[in-house]
Structures are given as structure tokens and as C-alpha cells.
Amino acid sequence: MNETKVKGPASYFPSIEAKYGKQIDEWMDVLAASPADAKHMQLVTLLKDEHGMGHGHANALVAHYRASRGGA
């Protein structure tokens, strides 16, 4: 069997979708609606406080979001 193991933030995606009931694209939309100058930890806090997300899942989504938009 030739399965490629997903690494990095994307490795959390199946459990994020299962636990919180939204697809990753929906979470990207939530983050895109935040202020453009929001810092990494501000976005993590938004997901934790407003959506009840755990720190690791929120951090993975924010890291993926920022990387996909050329941010650090």
C-alpha cells in the first residue's frame, strides 16, 4: 500500500472537521473575515473564544491559513 502520511497542520484536518462540524474551507472563510492585520495568536484566540476550539486545532488552522496566503 502506498499511502502518503499527511504532515504539518493538515494532519489535524480530519479531526477538526469531525469535532467541530465544519469543513476546512469554512474555517478558512471564518479566518478570512477577521481583520487583515490580525496577528497569529489573535486568530487562534478568536477560534478558541468564539468557536470553542482547542488550542492545537486553532493553531493548525491559523498556520495553514497564513501559509496559504503567503503569511508567516
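As the structure is a computational prediction, the values presented were derived from the model and not from experiment.
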key: Heavy-atom neighbours of Lys22 NZ exceed 12 at 6.0 Å   = yes
request  = Measure the spacing between CG of Asn59 and NZ of Lys48 and express it to the nearest 0.5 Å.
outcome  = 9.0 Å
task = Report the distance from atom OH of Tyr65 to atom CG of Asp29, rounding to the nearest 0.5 Å.
result = 9.5 Å
Could you tell me which non-hydrogen atom of [X] sits nearest to which non-hydrogen atom of [Y], and how far apart they are?
| X | Y | result |
| --- | --- | --- |
| Ser34 | Leu43 | OG-CD2, 3.1 Å |
| His57 | Ser15 | NE2-OG, 3.4 Å |
| Asp37 | Gln42 | O-OE1, 4.2 Å |
| Leu61 | Leu31 | O-CD1, 3.9 Å |
| Gly52 | Tyr20 | O-CE2, 3.7 Å |
| Met53 | Ile16 | CE-CG2, 4.4 Å |

inquiry  = Using the rule given for side chain to side chain contact (heavy atoms under 4.5 Å, CB included), can you reason through Leu46 versus Val30, listing the C-alpha separation, both sets of side-chain angles and the distance that settles it, and then say yes or no?
reply    = CA-CA 10 Å; Leu46 169 104; Val30 167; 4.2 Å; yes
request  = Compute the centroid of each ring, for His64 and then for Phe13, and state whether the two points are separated by less than 6.0 Å.
outcome  = yes
request  = May I ask you to test the Trp27-Leu47 pair for a side-chain heavy-atom distance under 4.5 Å?
outcome  = yes
